[in-house]
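In what follows, chains carry the letters A, B, and so on, assigned in the order in which the sequence lines appear, proteins first and then strands, with residues in each chain numbered from 1. Any value given below was found using the heavy atoms of this structure, including those in side chains, with hydrogens, waters and symmetry copies removed.
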There are 2 protein chains.
Amino acid sequence: MDAEAIKRSLEGSGLRCTAQRYAVMEFLMDHKGHPTAAEIFEAVNHVDPRSSRATTYNNLRDLVKAGLVREVAVEGRAGRFDLQGMRHHHFICDRCGNVEDMEWFDVPRPASRSLGKRIVRECHLIFRGLCPKCAQRSASR
Amino acid sequence: MDAEAIKRSLEGSGLRCTAQRYAVMEFLMDHKGHPTAAEIFEAVNHVDPRSSRATTYNNLRDLVKAGLVREVAVEGRAGRFDLQGMRHHHFICDRCGNVEDMEWFDVPRPASRSLGKRIVRECHLIFRGLCPKCAQRSASR
DNA sequence: AGACAGTTTAGATTATATCTAATATAATAT
DNA sequence: ATATTATATTAGATATAATCTAAACTGTCT
């Protein structure tokens, strides 16, 4: 049934539902922790080495372009990916670089004069600080 | 006088005002366009090859840690840097990857229950879409 | 079957950033 | 002043992240 959902979202975006693409989507569905491209590639191929690194990157790019997946760039670290399911903001840990979802809420649009000739497609809030794990380690010293 | 200001901010953050560090700060002051580390290194060394790549990266990292400089990660591209002068948000162009400043405005804090045990240090809004230049090129076809 | 667009592949390549360990410099102490 | 120490810099090697290449494969349509 999830299988059908994945198939439908891929085809709805004009992408064939190939085994490799399916595997990427499935992995993201099962791992909400914002994996890196390398982790996705590793995991998907560990069991069944069907996919190459290039394909994983190609597919992630296509999925991002199609709006099914979101990439979050993190300073000095590999980019991280998650499914664009319910809208949400992000929290990035200063110490460990992990990315976590934050509840969605609307953000005020900037004054149109400050937009100038820009076309804004989305806006997205990034919180930074210490994740629960790192905050605790910090406190206990 | 700007020279003094740079010196004071460096020393106020416990960083020695070395020639290399000074040059990075000065370049960022004169180039508001969010240059990459490679661009900073290139530019600073073009006239006066005093600094190595490693030093540029080291210094940028120290300056970010000290809060004088901000790094903005961009998906699939090199990170970009700017001075942490007046608070501001950012706009990233989908097409060319350029980063622009957006006027600062306060963002509502998330409900504390959704914060959990996280410690939030800052939050920062990232707008995405087409910058003026790319928007125009898009329209004229 | 044949043609075609889209997709995948392994490996090479590029781009980005960090590490190493020797050296230099500045601040402090003697 | 000189010695001591912590901090900073360097060139080049290395690590990491992502993309490119060109050939091969797959699914769809006719």
Side-chain angles (χ1 to χ4, degrees), chain A residues 6-7 10-25 27 34-46 48-66 68-81 95-99, chain B residues 6-7 10-25 27 34-46 48-66 68-81 95-99:
Chain A
I6 290 175
K7 191 157 180 288
L10 287 174
E11 289 174 351
S13 301
L15 296 169
R16 284 190 198 156
C17 181
T18 65
Q20 293 83 344
R21 246 170 226 159
Y22 181 88
V24 168
M25 290 293 282
F27 184 77
H34 304 80
T36 63
E39 285 164 358
I40 296 167
F41 170 65
E42 278 299 314
V44 161
N45 279 44
H46 188 237
D48 176 7
R50 282 172 304 180
S51 188
S52 78
R53 180 181 319 284
T55 301
T56 302
Y57 277 98
N58 287 344
N59 281 333
L60 283 169
R61 182 173 32 186
D62 293 345
L63 293 169
V64 168
K65 210 179 288 177
L68 299 175
V69 166
R70 178 149 64 158
E71 178 173 4
V72 184
V74 183
E75 296 76 12
R77 309 194 191 233
R80 287 155 171 283
F81 296 87
R95 179 143 336 148
C96 69
N98 281 341
V99 176
Chain B
I6 290 175
K7 192 157 181 288
L10 287 174
E11 290 174 351
S13 301
L15 296 169
R16 285 190 197 155
C17 182
T18 65
Q20 292 83 345
R21 244 171 227 158
Y22 182 87
V24 168
M25 289 293 282
F27 184 78
H34 304 80
T36 63
E39 285 163 358
I40 295 167
F41 170 66
E42 278 298 315
V44 161
N45 280 44
H46 187 238
D48 176 7
R50 282 173 305 180
S51 188
S52 79
R53 180 183 320 285
T55 301
T56 302
Y57 277 98
N58 287 344
N59 281 333
L60 282 168
R61 182 174 32 186
D62 293 345
L63 292 169
V64 168
K65 209 179 288 175
L68 299 176
V69 166
R70 179 148 64 159
E71 178 172 4
V72 184
V74 183
E75 296 76 13
R77 310 195 190 231
R80 288 156 172 280
F81 297 86
R95 177 141 341 146
C96 67
N98 282 341
V99 176

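For the pair Phe41(A) CZ and dG11(C) P, the interatomic distance rounds to 11 Å; values are reported in whole Å. Straight-line distance from the CD1 atom of Ile40(B) to the C1' atom of dA17(C): 14 Å, rounded to whole Å. With rounding to whole Å, Lys65(B) atom NZ is found 13 Å from dT7(D) atom C1'. If you measure from atom CG of Leu60(B) to atom C1' of dA17(C), you get 11 Å, rounded to the nearest angstrom. Atom pair Gln20(B):CD and dT7(D):C1' shows a separation of 12 Å (rounding to whole Å applied). Remark: C1' of dT9(D) and CG of Leu15(B) are 15 Å apart, rounded to the nearest angstrom. Distance, Glu39(B) CD to dA15(C) C1': 13 Å, rounded to whole Å. Between Asn59(B) atom CG and dT7(D) atom P there is a gap of 15 Å when expressed in whole angstrom units.
Qualifying salt bridge (charged side-chain N to carboxylate O under 4.0 Å, His left out) partners for Arg80(B), counting only residues two or more places apart in sequence or in other chains: none. Partners of Glu71(A) by salt bridge (charged side-chain N to carboxylate O under 4.0 Å, His left out), not counting sequence neighbours: none found.
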Between Leu63(A) and Leu10(A), is a side chain to side chain contact (heavy atoms under 4.5 Å, CB included) present by the stated rule, with each step listed?
CA-CA 8 Å; Leu63(A) 293 169; Leu10(A) 287 174; 3.5 Å; yes
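For Arg53(A), the CZ atom is loosely surrounded, since the number of other residues' heavy atoms within 6.0 Å does not exceed 12.
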How would you summarise protein contacts on nucleotides 11-30 of chain D per nucleotide, using B for base, S for sugar-phosphate only and - for none, with heavy-atom distances below 4.0 Å?
BB----SBBB-----B----
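Here the shortest heavy-atom pairing between Ala38(B) and Tyr57(B) reads N-OH, 4.5 Å.
Within the nucleic acid shown, Thr55(B) comes within 4.0 Å of at least one base atom, counting heavy atoms only.
Contact check for Asn58(B) versus Gln20(B): no side-chain heavy atoms found under the 4.5 Å cut-off.
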